[in-house]
Amino acid sequence: MRRLPDATPRGRAITVDLEGESIPAIEGEPVACSLIAAGENVLSRSVKYHRPRGPYCFAAACSHCLMRVDGLPNVYTCRTPAKEGMRLERQNAYPSAKVDIFETIDWFFPKRLDHHEMFAGVPVAEDVMARVARQLAGLGLLPKEAGPEPLPPRTFHTSVAVVGGGAAGLEAARVFSGQGVPFMLFERDANLGGRLAHGAPEENAPFVPEATAFPQGSVVKNATVIGLYDDEHGRYLAVASKEASNLRLLKVYAKRFLLTVGGHPPTLPFENNDLPGVIAGRAASLLLRKHDVAPQVATLVGHGAELHALAHLFTQRGVEVAAVVDLKGPLPANAHPKAVIGDGLKAHGLRGVTALSFTPQGGRKQKVSCDAVVVSVPVTPGFELARQGGAKVEFDADAGHFRVEADADGRTQAADVFVAGDVAKVGTAKDAAAMGARAAQALMGGLS
């Protein structure tokens, strides 16, 4: 990975401290982005597997980018803005990220430690092993100082609470605004749009409005919804809202909840799929479109329209595409010239990706050099919040993932919980927007 030669300045040039070494960064961009742009692709190690770890999803959906930041352990550096002089430490990397002394454990236990059975029932030994396991469990060192005091909580009451400012949520917000329905929309990022703003470009995708296009106070950015609960006053969303340099808890009571949270970037099961340099497709498009950071040579693997759109985007921005391996086919009419149908993936490298091998359909195994393997497959629906709110979740055997059971208008088993977008049915941004509009119309019918 590197910052593109034609990158436009997107912030003040600063330095951060990575274990005593000054690393160039851009103020405000994610710490993990600055690190990989500077060639630091190993951010931690896996104690259990003795493997280096680099950022994968850039959506706080995996643990590969967790670092100790200014003394605070387990910080998602993919979503933490870089600041001048910020102190960064790799976790589980003793004595360094290059040397893993804990790998010696495998010499004594070649079939791995069975922490469920080892020393169980032997009181003293069990206690000692529990303490050792906790130290090796990858939780990092606790901070020496107390954290900042949270701001006092606030309570809101509204007709509709919308979670997610992507295609589905924004289209629903347009409907509510047009009908004069009070609503509050919560987006965890600093910008609206989700994949519309940072994903691979899609044909006929909806435009992304500014927050000022909606009624004042109806759109809250930098706000992460952490749960849907009940108390004596009714149902409410618990929201962690970032205000200035601190967090504030918001309790948002609503008559209806529309969840448009999208999905999580999944991984593909192939050998060495955890090497630094193996990165999710939407993470790669975000790095390119928002931060001008991209591989020198990329190989793309996966299936679906986003795979081929991302390959074309890479080529347009000067990234050399070594191969595009479509795991399902058939190839679309607009497939990249390097696209083939294939399988048998294996990433190569020690501390990071150096090549990918694959077998084209009807051909012989090939190996291409690259510094990134980009995994672009449809997302896994983020069903957790809807499930907590009482919606039924079912396994979609054809898609190979769980999703929220809902009708075409987003109604779920919980009368006050509606869903739209990828959380209900994975599709294009245009599909998600249409689903958001239908869900908005449907839930308004039950409001008094």
Side-chain angles (χ1 to χ4, degrees), residues 155-188 192-194 196 206 209 211 213-221 223-231 233-239 250-263 381-394 403-448:
T155 299
F156 296 88
H157 294 268
T158 187
S159 293
V160 185
V162 182
V163 183
L170 290 174
E171 191 60 33
R174 288 194 188 101
V175 173
F176 296 140
S177 296
Q179 297 294 321
V181 175
F183 74 94
M184 292 185 73
L185 182 150
F186 300 95
E187 167 57 46
R188 69 175 183 171
L192 298 175
L196 293 175
F214 302 107
Q216 186 175 7
S218 61
V219 174
V220 184
K221 296 181 286 187
T224 301
V225 173
I226 56 179
L228 178 54
Y229 302 105
D230 297 270
D231 66 8
H233 302 296
R235 298 253 269 179
Y236 69 92
L237 286 177
V239 183
L250 310 181
K251 294 181 71 175
V252 184
Y253 292 89
K255 297 176 183 176
R256 297 288 184 272
F257 300 89
L258 176 56
L259 312 183
T260 64
V261 298
F383 60 82
E384 297 85 353
L385 185 62
R387 182 69 187 88
Q388 185 189 17
K392 183 178 179 181
V393 173
E394 63 180 3
R403 63 178 178 83
V404 179
E405 186 177 274
D407 68 11
D409 294 332
R411 295 183 182 86
T412 73
Q413 190 172 357
D416 57 350
V417 176
F418 288 68
V419 294
D422 284 347
V423 67
K425 185 177 181 180
V426 176
T428 66
K430 185 178 179 181
D431 296 335
M435 205 181 312
R438 290 198 304 272
Q441 294 286 356
L443 70 82
M444 284 193 302
L447 291 176
S448 57

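Since we're looking at a predicted model, the values are computed, not measured.
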Heavy-atom closest pair (G169 atom, V162 atom, distance to 0.1 Å) is CA-CG1, 4.0 Å
Can you measure from CG (L443) to CG (D416) and round to the nearest 0.5 angstrom?
10.5 Å
Check for a donor-acceptor pair, side chain of T412 on one end and backbone N or O of V417 on the other, with a separation under 3.5 Å.
yes
Any ion pair linking R403 and D422 (charged N to carboxylate O, less than 4.0 Å)?
no
How far apart are the C-alpha atoms of L385 and F257, what are their side-chain angles, what is the distance that settles it, and do they pass the side-chain contact (heavy atoms from CB on, under 4.5 Å) test?
CA-CA 11 Å; L385 185 62; F257 300 89; over 6 Å; no
G389 and A414 have their tightest heavy-atom pair at O-CB, 3.4 Å
Less than 4.5 Å apart, any side-chain heavy atom of R174 and any of F214?
yes
Using modelled atom types and a 3.5 Å cut-off, is there a donor and acceptor pairing between side-chain atoms of T260 and backbone atoms of V163?
yes
Side-chain donor/acceptor of E171 to backbone N/O of A433, under 3.5 Å
no
Please check: side-chain N/O of D407 versus main-chain N/O of D409, any donor-acceptor pairing under 3.5 Å?
yes
Tell me every residue that passes side chain to side chain contact (heavy atoms under 4.5 Å, CB included) with V423, counting only those two or more places apart in sequence or in another chain.
V261, V404, V419
Of all heavy-atom pairs linking R411 and A442, the shortest is NH2-CB, 3.8 Å
The reported gap from CZ in F183 to OG1 in T158 (rounded to nearest 0.5 angstrom) is 8.5 Å
Atom pair OH (Y229) and CG (D231), whose distance is rounded to the nearest 0.5 Å
12.0 Å
So does R235 pair up with D230, basic N to acidic O under 4.0 Å?
yes
Any side-chain heavy atom of V220 within less than 4.5 Å of one from E187?
no
Under a 4.5 Å cut-off applied to non-hydrogen side-chain atoms, are V160 and P182 in contact?
no
Least distance between heavy atoms, A432 atom then G421 atom:
CB-CA, 3.8 Å
Rounded to the nearest 0.5 angstrom, the CD1-CG distance for I226 and L250 is 9.5 Å
Once you measure the plane-to-plane angle for Y236 and Y253, does it fall in the parallel (<30°), tilted (30-60°) or perpendicular (>60°) bin?
tilted
Please report the interatomic distance CD(E405) to NZ(K392), rounded to the nearest 0.5 Å.
4.5 Å
Nearest non-hydrogen partners of A420 and A439, listed with the distance
CB-CB, 4.2 Å
Could you work out, with side-chain hydrogen bond (donor to acceptor under 3.5 Å, both in side chains) as the rule, every residue matching R438, not counting sequence neighbours?
none
Distance check, rounded to the nearest 0.5 Å: Q441 atom CD versus F176 atom CZ?
8.5 Å
Side-chain donor/acceptor of D431 to backbone N/O of A434, under 3.5 Å:
no
Got a salt bridge between E384 and R387, using NZ or NE/NH1/NH2 to carboxylate O under 4.0 Å?
no
Student check: side-chain heavy atoms of V426 and P381 closer than 4.5 Å:
yes
Just so I know, are the side chains of P206 and L170 near enough to count as touching, which here means a heavy-atom distance under 4.5 Å?
no
In this structure, are over 12 heavy atoms from other groups packed under 6.0 Å from K251 atom NZ?
yes
Candidate pair V239 and V252, rule side-chain contact (heavy atoms from CB on, under 4.5 Å), full reasoning:
CA-CA 8 Å; V239 183; V252 184; 4.2 Å; yes
Side-chain touch L259/F418, heavy atoms, less than 4.5 angstrom
no
Using every non-hydrogen atom in the two residues, find where G165 and L185 come nearest and quote the distance to one decimal.
CA-CD2, 3.9 Å
